[in-house]
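The next block holds one structure in the form of structure tokens; read it before the comments.
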Amino acid sequence: MNLLRKNDLIMLGLSLVIFAILQVLITTKVLTSFWELNLIIIGINVIMAVSLNLINGYTGQFSLGHAGFMAVGAYTGVVMTTFFHLPFIVAIIAGAVLAGLLGFLIGLPTLRLRGDYLAIATLGLGEIIRIVIMNLDYVGGAAGFKGITHHTNFAWVFLIMLFTLFVIKNFVNSSHGRACIAIRENEIAAEAMGINTTKYKVMAFTIGAAFAGVAGCLFGHNFYIISPGSFTFLASFNYLIMVVMGGLGSITGSIAGAFVVTFISAVLAPWPEFRMIIYALALILLMFYRPQGLFGYMEVTSMGIFRRIFKRGHES
Amino acid sequence: MFFSKKLRLASAVLGVAMLSTVFAGCGGDSGSSDEFKVGANIEMTGNQANYGNAGLEGLRLAIKEANEAGGINGKQIKLVEADNKSESAEAVNAATKLISDDGVKVIVGPAVTANVIAESQVATDNKVPVIAFAATNPDVTVENGAVKPYIFRSCFIDPQQGTVMAQFASKELKAKTAVMYIDSSSDYSKSLGKVFQETFEAAGGKVVMQESFLAKDQDFKAALTKIKAANADVIFIPAYYEEVGKIVKQAREIGITATMLGTDGWDDPKVADIAGASALNNTYFSTHYFAEDPGAKSFIDSFTKEYGHAPNVFAALGYDAGKLLVDALKRAGSDDPEAIRKAIEETKDLQVATAKVTMDPATHNPIKDAIIIENVDGKYVFKSRIAPSK
Amino acid sequence: MDFLHQFVQQLINGVSLGSIYALIALGYTMIYGIIKLINFAHGDIYMVGAYIGFFAITRAGLSIVPALLISMVVTGILGMIVERLAYKPLRHAPRISVLITAIGVSFFLEYASMYFVSPTPRTFPEVIPSVAFNVGPFIVNGQQMLIMGITLVLMLILTYIVQKTKLGKAMRAASFDVETAQLMGINADRVISFTFCIGSALAAAAGVLVGVYYNSIDPLMGIMPGLKAFVAAVLGGIGILPGAVAGGIILGVIEALVSGFISSTFRDAAAFAILILVLLFKPSGIFGKNTREKV
Amino acid sequence: MSEVLLKAENVSIVFGGLKAVSDFDFYINKGELIGLIGPNGAGKTTAFNLITGVYQPTTGSIEFAGKSIVGKKPYEITQRGIARTFQNIRLFSELTVLDNVKIAFHSHVKYGLAETVFRVGRYFSEEKQIEEESMKLLKIFKLDGHAYDQAKNLPYGAQRRLEIARALAAKPKLLLLDEPAAGMNPQETKELMEMISWIRKEFGLTVLLIEHDMSLVMGICERIYVLEYGMIIANGTPKEIQENPEVIRAYLGGEA
Amino acid sequence: MGTMLTINDINVFYGAIHAIKGVSLEVNEGEIVTLIGANGAGKSTILRTISGLLKPKTGSIQFEGQEIAGMPAHEIVKTGISQVPEGRRIFAEMSVLENLELGAFTRKDKDGIKADMELVFERFPRLKERIGQLAGTLSGGEQQMLAMGRALMSRPRLLLLDEPSMGLAPLLIKEIFTIIQDINKTGTTVLLVEQNANMALSIAHRAYVLETGRITLSGDAKELAASDEVRKAYLGG
């Protein structure tokens with residue numbers, strides 16, 4: 001079992017090395033601020049995708065309202081920093097707590113629904129959240145919340161992303177996480193194995209929502225202005241696409257999905273007429289030829305190349 | 001075993017993609033010195049693409065004309081365009097790309113207030129001047145009472161229009177009661193409503209009802225049915241033309257005969273197309289220019305020649321911003337952003353398509369007249385020209 | 001106007017809006033009934049229908065009825081092609097892959113249209129003079145009557161097709177039990193194709209009617225009505241044809257009443273809130289039957 | 001006199017006006033191995049679902065270890081010590097064989113959410129214990145060689161065995177097996193019989209099984225209940241059952 | 001009497017499950033052949049493979065000389081095979097009449113269909129009484145009759161019956177089996193899958209006994225009925 005800890009440390013070390021390299025590149029302006037911004041967006045998208053993956057991929061509960069929780073986190077966060085002048089970290093925690101709380105309150109009744117019904121209900125709830133915000137003049141209503149101080153930078157995003165990955169990875173690799181996965185695989189059998197399915201569905205939903213709130217808070221403090229228009233169901237679709245593209249039930253996949261989708265969007269930016277057409281075709285072709293996503297259920301840590309590099313095999 | 005061939009391919013592709021991000025990042029140079037790099041941050045796709053793209057056409061035309069006339073001291077102007085997808089977050093993204101990767105020294109756009117406000121922080125941080133061409137909200141150039149040094153606009157501001165229309169309603173139309181129908185998704189619409197109400201009520205009128213809708217709505221009948229019941233003298237609808245056309249049409253259909261008032265968002269032939277010429281009778285709106293003005297005529301001709309269709313107000317405003325920019329570049333004589341900023345600030349008596357403008361250094365708003373136009377059987381009829389109140 | 005008067009007027013507005021939701025919802029519900037797919041691209045099919053109608057009227061100079069028919073036929077074929085190319089290869093794939101594909105198809109139709117017809121909204125010519133009829137103190141205009149009339153006619157035709165024709169019966173049989181339908185000699189692929197054809201044709205009709213009613217169409221016009229129509233279908237009980245019609249009309253009326261008496265900015269929220277309440281208390285929709293998984 | 005572990009009295013359940021199980025009276029003593037047989041549609045699986053809380057009885061009482069379990073949710077009943085397998089295999093098919101078993105330890109895990117997320121406290125020791133116990137179970141069921149294979153890739157017989165191993169991991173007092181030999185060949189069935197007998201002794205289990213393979217039922221069950229049309233028509237030793245004319249009629253048809 | 005259906009060494013899989021292991025059987029024209037065996041032996045699987053709902057991995061199925069293994073189900077119906085599925089699977093939300101009409105889906109001869117409909121009503125008078133009723137509201141026995149009537153509407157030469165006695169009261173079972181015999185007498189060959197062995201053997205000409213995917217016994221129905229082997233196959237011992 002030391003192995004687990006060792007693996008963790010290696011991953012952590014590796015991440016910090018990557019962080020250091022990128023941070024140096026940014027500070028020395030080798031990476032321009034445009035690419036810094038894109039790295040920030042990728043980081044935020046990773047948090048969104050991984051937290052949605054916990055709900056959709058690991059627990060198998062089809063949620064289409066993730067952008068709604070992001071909105072709650074974003075608005076809570078900017079209210080904290082702008083109106084109450086609280087530190088950024090407090091805003092992030094507040095965003096997480098409020099989004100998580102809302103996820104809990106919404107999840108409790110709605111997670112009784114299954115499949116498509118749950119999907120459309122969560123989509124509706126996401127839209128309701130957005131419309132309520134749109135009607136709150138306190139936060140600027142439909143026109144958006146202006147005058148946000150810029151707090152988000154690459155370091156914040158990367159470290160919080162790392163924290164998110166750490167928490168969610170540890171969660172899914174525990175008995176609690178296995179309970180969630182069991183629900184995805186077969187709810188009836190899970191219940192028969194002594195798993196309180198309602199509790200774990202709501203738990204996954206709450207944790208996922210809380211991290212969406214964190215992502216939202218980072219997002220809000222990056223753009224000076226946020227408006228409800230950034231959190232429509234189309235945004236939720238986009239996060240879902242990242243998750244499915246990477247592979248439902250793979251954290252590595254969600255990271256890759258967030259990366260690829262953000263990257264495609266940035267690379268195709270000069271051709272706005274074709275961008276969405278190409279994106280759409282890529283999506284359809286991916287579903288034809290690799291419906292399980294780039295990684296399926298696979299994680300980098302369980303891959304041959306990784307094991308070979310670190311001379312590590314399965315204990316068996 | 002776990003690492004199948006396909007997967008290996010996928011991660012190889014991924015790896016290359018990651019690397020290319022890093023290298024692409026290194027490519028941002030400041031541009032060769034034989035051209036002026038000008039950025040355009042535009043709503044090319046998404047909800048506001050109509051406004052952004054029309055403005056871009058005007059802007060391109062102004063740049064093209066300047067280049068054909070020999071450019072700036074022999075140097076050509078190069079317009080670098082970026083799409084902000086009609087989202088404020090993307091506007092930041094686009095501005096950052098223009099500044100850091102494309103190395104532009106000045107940016108025109110975006111069209112919509114919220115997107116300009118989002119962009120303004122990045123521009124200010126990087127000390128790159130911005131000319132907004134259609135964002136009429138006062139907050140665009142001013143923050144906490146102080147002017148934002150790098151943000152300019154080439155159009156008038158909402159209070160001017162709102163005041164003009166309120167005064168017009170109470171003085172010319174002798175209206176006592178008004179209903180406001182506001183697009184609550186737009187700062188433009190909301191702030192105009194606020195100014196209108198203040199001015200109208202100060203002049204002794206009363207706003208008896210305020211209803212709201214959202215951009216891209218299709219059906220307004222429910223709210224209009226309610227508005228009809230209020231039976232006011234005038235209905236003030238500060239909104240963009242897509243919705244305006246439908247509102248006017250549906251209002252007349254359910255039997256509203258009251259006078260309707262609008263703002264520059266109404267200035268598009270589409271309004272008459274959608275609403276129908278007769279429905280539009282008995283409506284007035286304020287705008288930036290009248291087609292028969294000096295300056296406007298030649299613009300409309302060359303625009304129509306270039307694109308094969310008549311310009312709308314956004315195209316005219318985009319063109320204005322281009323003219324303003326070209327003039328400033330000429331006077332600045334270099335592509336140093338600070339020099340450009342100073343030149344824009346000193347713009348004086350410049351003839352653009354819509355007016356003769358002078359930049360107010362205290363607010364970065366141009367001093368411009370507003371025009372009131374009446375719709376008569378599908379034609380614009382000039383009603384009055386009103387100079388800024390202060 | 002007093003409260004009751006306004007209420008009735010709002011009902012009229014709501015029913016005409018609801019008729020359009022109902023037409024789109026029918027296609028949604030038929031397709032869901034037979035292959036259990038939330039066809040997110042259905043709203044975009046409706047948009048394409050509106051454009052075909054628009055070009056039939058403006059370019060070919062046709063009047064409303066032939067334009068409507070042409071649009072229905074062409075869009076019906078488009079629906080079949082979409083099914084054939086995008087969904088049929090995924091018949092046995094996991095539900096989520098098909099759903100993502102549907103989202104992909106939706107984006108594709110939206111942005112390919114945007115490329116070909118430009119994002120600028122088109123103004124539908126006035127094919128029906130907008131005359132307002134005063135029915136007592138209430139106002140119904142010609143286009144509202146056209147919408148309700150054509151919707152009614154199409155629903156009657158659809159009812160006839162589904163209830164009386166051989167293909168209609170095959171459709172019902174296949175959506176009830178594909179396997180047994182095959183044992184009757186019914187070619188499931190053909191029935192699915194046919195279902196897409198009819199559903200798309202109805203959506204096209206809705207698109208043309210919306211063009212006539214609101215005078216303006218654009219490439220992204222299908223997103224919200226598509227979603228609303230799906231809500232309507234779920235509201236009525238997905239897979240059930242009368243449920244889709246009822247769901248559409250109920251949704252239209254709710255929206256009109258909320259806009260009229262509360263605020264139009266809460267209109268969509270109210271629609272979704274009603275949906276969620278119905279799902280929580282009767283998960284299979286107003287007309288649906290509850291089923292449970294066999295253990 | 002041995003102690004009664006499970007007792008059902010007068011249990012009935014009505015589905016849409018139809019009595020699927022009626023006046024179901026039945027008991028299992030601690031340590032017994034009981035068979036429940038009957039023709040298709042007789043209500044055997046419904047009886048299992050009633051015991052495990054999937055369905056709630058319309059009337060009647062069910063007591064387990066002296067306490068009523070009516071109205072309890074399936075997971076609560078499992079936590080009290082009844083585990084089951086399913087007629088149509090319900091493995092967590094995308095997961096590894098090992099994970100399938102690990103999941104079933106769920107109700108015996110004591111570490112909390114914070115310990116999980118930050119990897120402190122009991123997390124590592126308990127995970128280690130779970131893994132070891134899981135491997136032990138897999139070894140018993142000859143599945144240890146497949147520990148890291150996806151469950152869906154196992155041969156059919158192995159999947160059946162895995163379901164039993166998984167149920168055992170929940171540490172039940174009473175094990176319900178729903179057609180454990182379905183789809184197995186005679187050789188596999190024979191091995192399964194031996195295994196069931198063995199684990200019963202080894203784990204001190206009480207077992208109730210539904211089975212169609214009579215060689216298995218008759219071979220290992222100590223007592224058999226026969227269901228027909230939702231009612232118990234016979235109860236006795238294998239020998240008694242094989243010769244009971246009611247049972248023969250129920251199986252081979254009355255009219256010849 | 002020639003051979004109508006020949007199944008030669010088919011192997012059928014459900015995912016990982018090898019459900020049918022090298023089964024061969026024959027049905028001659030005019031016969032009632034029954035396939036008996038305990039639950040889960042694979043009886044239904046064989047019928048579903050014949051009617052095209054499942055595809056055999058290996059082996060051949062010939063109907064009147066034509067290879068039908070791998071043909072889609074809706075095409076096989078046209079060759080003259082019709083199945084009454086296990087659990088009846090009537091279209092519950094359609095009327096009795098519509099169910100029967102669907103049975104004749106492949107046919108175009110309106111008059112013939114009408115005549116056959118009359119025949120069905122003659123055979124099952126209770127269906128005529130309930131002609132406009134939704135099929136889901138029928139009793140179990142009536143539903144079985146409807147499923148059989150529906151299958152007959154395609155005018156099959158070979159009728160596949162899957163557990164017609166399931167869930168029915170003894171008296172009804174008797175009635176159903178008499179009807180099966182009648183149908184056979186009017187020229188339709190029948191392949192009957194049944195768990196109720198005594199009943200099935202009493203009307204069949206020949207029988208096959210299936211145990212865990214293999215045929216373990218076959219022969220004359222009367223002889224099998226008399227022997228003790230069948231009881232052993234069911235109850236062990």
Side-chain angles (χ1 to χ4, degrees), chain A residues 21-22 25-26 29-39 41-42 131 134-135 137 140-144 146-150 219 222-230 256 259-260 263-267 269-273 275-276 289-290 294-296 298 300 302-308, chain B residues 1-3 6-8 10-11 14 17-18 20-22 24-28 44-45 47 49 81-83 85-94 96-102 113-115 117-122 125-126 137 139 143-144 183-191 212 214-215:
Chain A
I21 294 171
L22 288 173
L25 288 177
I26 287 167
K29 293 282 174 201
V30 174
L31 274 178
T32 61
S33 43
F34 173 63
W35 289 103
E36 180 193 359
L37 183 60
N38 269 301
L39 286 174
I41 296 171
I42 287 172
I131 293 165
M134 205 162 73
N135 283 287
D137 280 334
K146 289 187 273 297
I148 302 164
T149 317
H150 189 202
F219 180 85
N222 194 41
F223 290 115
Y224 318 102
I225 175 170
I226 49 170
S227 66
S230 301
F259 196 98
V260 170
F263 188 77
I264 290 178
S265 171
V267 165
W271 302 279
E273 318 84 55
R275 188 185 60 222
M276 289 303 289
Y289 296 107
R290 205 171 164 80
L294 297 172
F295 285 81
M298 217 88 64
V300 157
S302 61
M303 275 193 231
I305 187 165
F306 195 79
R307 283 202 302 275
R308 230 169 294 145
Chain B
M1 257 269 289
F2 277 98
F3 201 59
K6 263 190 195 163
L7 211 63
R8 214 171 296 188
S11 25
L14 205 68
M18 284 192 215
S20 61
T21 322
V22 176
C26 306
M44 294 189 200
T45 56
N47 269 342
E81 297 164 8
D83 177 20
K85 304 176 194 169
S86 307
E87 281 175 34
S88 32
E90 293 286 347
V92 173
N93 205 343
T96 311
K97 177 177 176 292
L98 287 171
I99 296 167
S100 81
D101 271 39
D102 300 315
T113 295
N115 299 341
I117 290 179
E119 172 191 61
S120 59
Q121 193 72 41
V122 185
D125 291 349
N126 288 283
N137 188 299
D139 292 347
E143 191 171 35
N144 303 328
D183 174 354
S184 73
S185 67
S186 144
D187 260 353
Y188 162 79
S189 192
K190 281 169 135 178
S191 72
S212 36
L214 296 171

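Small disclaimer: the values here were computed from a predicted structure and weren't measured. A, B, ... follow the sequence lines: proteins, then strands. Residue 1 opens every chain. Basis for what follows: all heavy atoms, side chains included, without hydrogens, waters or symmetry-related copies.
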So for [X], is it side chain, backbone, both, or neither that comes closer than 4.5 Å to the heavy atoms of chain A?
X	value
A82(B)	neither
T45(B)	side chain
K190(B)	side chain
L98(B)	neither
D183(B)	neither

- Note on the structure: Across all chains, not counting sequence neighbours, the salt bridge (Lys or Arg N to Asp or Glu O under 4.0 Å) partners of D83(B) are R275(A)

- Output all residues satisfying salt bridge (Lys or Arg N to Asp or Glu O under 4.0 Å) with E87(B), sequence neighbours left out; order by chain, then residue number. none

- Message: Looking only at heavy atoms and a cut-off of under 4.5 Å, which of E81(B), K85(B), E143(B), E90(B) has the most pairs with chain A?
- Response: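 Among E81(B), K85(B), E143(B), E90(B), the one with the most close pairs to chain A is K85(B).
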
Heavy-atom contact with chain B under 4.5 Å, split by part of [X]:
X	answer
N38(A)	side chain
F223(A)	both
I148(A)	neither

- What closest approach, in Å, do S227(A) and S88(B) show between heavy atoms, and which atom pair accounts for it?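 Result for this residue pair: OG-OG, 4.0 Å.
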
- Query: After noting the C-alpha distance and the side-chain angles of Q121(B) and D125(B), does the key distance pass the side-chain contact (heavy atoms from CB on, under 4.5 Å) rule?
  - Reply: CA-CA 6 Å; Q121(B) 193 72 41; D125(B) 291 349; 3.6 Å; yes

- Task: Find the one option among A142(A), G229(A), A266(A) whose heavy-atom pairs under 4.5 Å with chain B are most numerous.
- Result: A142(A)

- Go through N137(B) and Y188(B) one step at a time and tell me if the side-chain contact (heavy atoms from CB on, under 4.5 Å) criterion holds. CA-CA 6 Å; N137(B) 188 299; Y188(B) 162 79; over 6 Å; no

- Item | side-chain contact (heavy atoms from CB on, under 4.5 Å) assessment of L31(A) paired with E36(A) | CA-CA 7 Å; L31(A) 274 178; E36(A) 180 193 359; 5.8 Å; no

- Query: Between K146(A) and D139(B), is there a side-chain N and carboxylate O pair less than 4.0 Å apart?
  - Reply: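 Salt bridge between K146(A) and D139(B), a charged N being under 4.0 Å from a carboxylate O: no.
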
